[in-house]
Asks: 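Let me give you the structure first, and then I'll get to my questions.
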Amino acid sequence: MTILRKEKFDLPEGIIYLDGNSLGAMPKGAVERARDVIASEWGVSLIRAWNSSDWMALPVKVGDRIGGLLGAPKGSVMTGDTLSIKVYQALAAALRMRPSRRVILTDSGNFPSDMYMAQGLIRTLDRDYELRVVDPEDVEAAITDDVAAVMLTQVDYRTGRIHDIPSLTAAAQARDCVMIWDLAHSAGALPVDLTASNAEFAVGCTYKYLNGGPGSPAFAYVRPDLITEIEPALAGWMGHDAPFAMEPDYRPAMSIERLRVGTPPIVQLAILDSALDVWEGVDMHALREASLRLSGLFIEEVERRCPQLRLASPRDGALRGSQVSFAFEHGYATVQALIDRGVIGDFRAPDIMRFGFTPLYLDEADIIQAAENLEAVITQQLWQNAKYQTRSRVT
Ligand SMILES: *Cc1c(COP(=O)(O)O)cnc(C)c1O
């Protein structure tokens, strides 16, 4: 049985899209759903739509659907804001849970925004907190009794290297540390079982593998037994127990809704909701198998055709997420030349060319064709063209 459902996506003719790990492709239902929310719900119902179209419940409803892909029970996942905000919320709540400890442990492969949010939180708290950064392979050994929270991104955005959620969570909890997983490059890419992991928090974004569209809201999971215990650092009115009672003092909702902050982005949430329709019936283990088949084939084809490139991802599929990276001195220009030929990947400084594998809309023929194009760019040195040398704001 194939996992492929290309017909559910609106991909431009002649494009091989290997960047679904950064911004997922557009599901066909997105346009209709957006038009419906804008024209019929907003346009006709106006403010009544908060009730008549149940906009108010959409953040939780969509959270439950994401939870279904991550082994999280209903009522344990909230959507809203951006991933950076969700990292801040989870981290702030985790530190409150271990008031006598002062260390946040993370690894050097973590995404800059996660680090920046931790640094900003530490400055705000102004109480001698420390962000301790170690190499990814040294995390387990660095889990010590002074660590309040272990904050890790499962899949390294540059290399695709995977952390093992069950063993690292167990190691953190053995030292009574709070575990926070960032699933930005895991949700919609790998089988994840949050319940089995016992992790206290997980966060992630929805515009990558989940195809929610640019700026679609992030998600945050809280282990069910902690939901009514955690103290929200961003105490917005939507997370209040009774937002429309307009009480002067904050009283958090007795549910996952306490992670809400302000008014949800309804149009974007509705698009994400329609994107999740595509995931109905997708077996995450079958998806993972297809992803490894595609990324393994890509590695094989590229290494054979372009020996100049150095594989920057784990060769062992079990240690690799749904992306493959190659390091190349002229990586930026090479990716631009590839894009000109209809193969879209991206570039991360200093020299990483990234290619994402999304088995819902990519097949083996796409992979071969992408490798052929990369070979042409490298062997004919097409990257040398002056127009590929200037870096855009987004790489
Ligand atoms: C993509 C990504 C982000 C982006 O955060 P936003 O607030 O959504 O811009 C943060 N952290 C990780 C690990 C990511 O991969």
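We count ligands from 1, going down the list as the structure has it; atoms in each ligand are counted the same way.
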Asks: Less than 4.0 Å between a side-chain N and a carboxylate O, is that true for Lys6 and Asp363?
Replies: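 Answer for the salt bridge query: yes.
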Asks: Which protein heavy atom lies closest to atom 6 (P) of ligand 1, and at what distance to 0.1 Å?
Replies: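 So the nearest neighbour among protein heavy atoms is Tyr207 OH, 3.5 Å.
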Asks: Can Asp277 and Lys8 be counted as an ion pair, charged N to O under 4.0 angstrom?
Replies: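 Lys8 and Asp277: not salt-bridged.
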Asks: For ligand 1, which atoms have a heavy atom of His185 less than 4.0 angstrom away?
Replies: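 This gives 15 (O) as the contact atoms.
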Asks: Need the ligand 1 atom indices (1-based, order shown) with element for anything under 4.0 Å from a heavy-atom of Ala184.
Replies: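 Here the atoms of ligand 1 in question are 12 (C), 13 (C), 14 (C), 15 (O).
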Asks: Examine the proximity of ligand 1 to Leu83 and report which part, side chain or backbone, both or neither, has a heavy atom under 4.0 Å away.
Replies: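 It is both backbone and side chain that touch ligand 1.
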Asks: Heavy-atom contact under 4.0 Å between Lys208 and ligand 1?
Replies: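 Yes, Lys208 has a heavy atom closer than 4.0 Å to ligand 1.
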Asks: One thing to verify: whether Arg304 and Glu300 come together as a salt bridge, which I'm taking to mean a side-chain N less than 4.0 angstrom from a carboxylate O.
Replies: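 No salt bridge links Glu300 with Arg304.
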Asks: Quick check on the hydrophobic clustering: are Ile3 and Met284 connected, directly or via other members, by side-chain heavy-atom contacts under 4.5 Å?
Replies: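 Same cluster: Ile3 reaches Met284 through Ile, Leu, Val, Met, Phe, Trp or Tyr contacts under 4.5 Å.
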Asks: Heavy-atom contacts with Thr153 under 4.0 Å: which atoms of ligand 1 show up? List them by number with element.
Replies: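 Within the 4.0 Å cut-off of Thr153, ligand 1 contributes 13 (C).
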Asks: In the protein, what heavy atom is nearest to atom 11 (N) of ligand 1, and what distance, to one decimal place, separates them?
Replies: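 Here the nearest protein heavy atom works out to Asp114 OD1, 2.7 Å.
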Asks: Just which atoms of ligand 1 are under 4.0 Å from any heavy atom in Thr82?
Replies: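 Those of ligand 1 that fall under 4.0 Å from Thr82 are 7 (O).
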Asks: Check Arg175 with Asp145, please: is the shortest side-chain N to carboxylate O separation under 4.0 Å?
Replies: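 Looking at Asp145 and Arg175, the cut-off is met.
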Asks: Mind checking whether Phe244 and Trp237 have ring centres under 6.0 Å apart?
Replies: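 Between Phe244 and Trp237, the centre distance is under 6.0 Å.
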Asks: Can you report which non-hydrogen protein atom sits closest to atom 7 (O) of ligand 1, along with the distance?
Replies: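 Of the protein heavy atoms, Ser84 OG, 2.6 Å lies nearest.
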Asks: Does the Lys NZ or Arg CZ of Arg5 fall within the cation-pi geometry relative to Tyr361 - under 6.0 Å from the ring centre and within 45° of the axis?
Replies: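 Here Arg5 fails the 6.0 Å and 45° test against Tyr361.
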Asks: Taking only heavy atoms of Asp182, which atoms of ligand 1 are found under 4.0 Å from at least one of them?
Replies: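 Answer, ordered by atom number: 11 (N), 12 (C), 13 (C).
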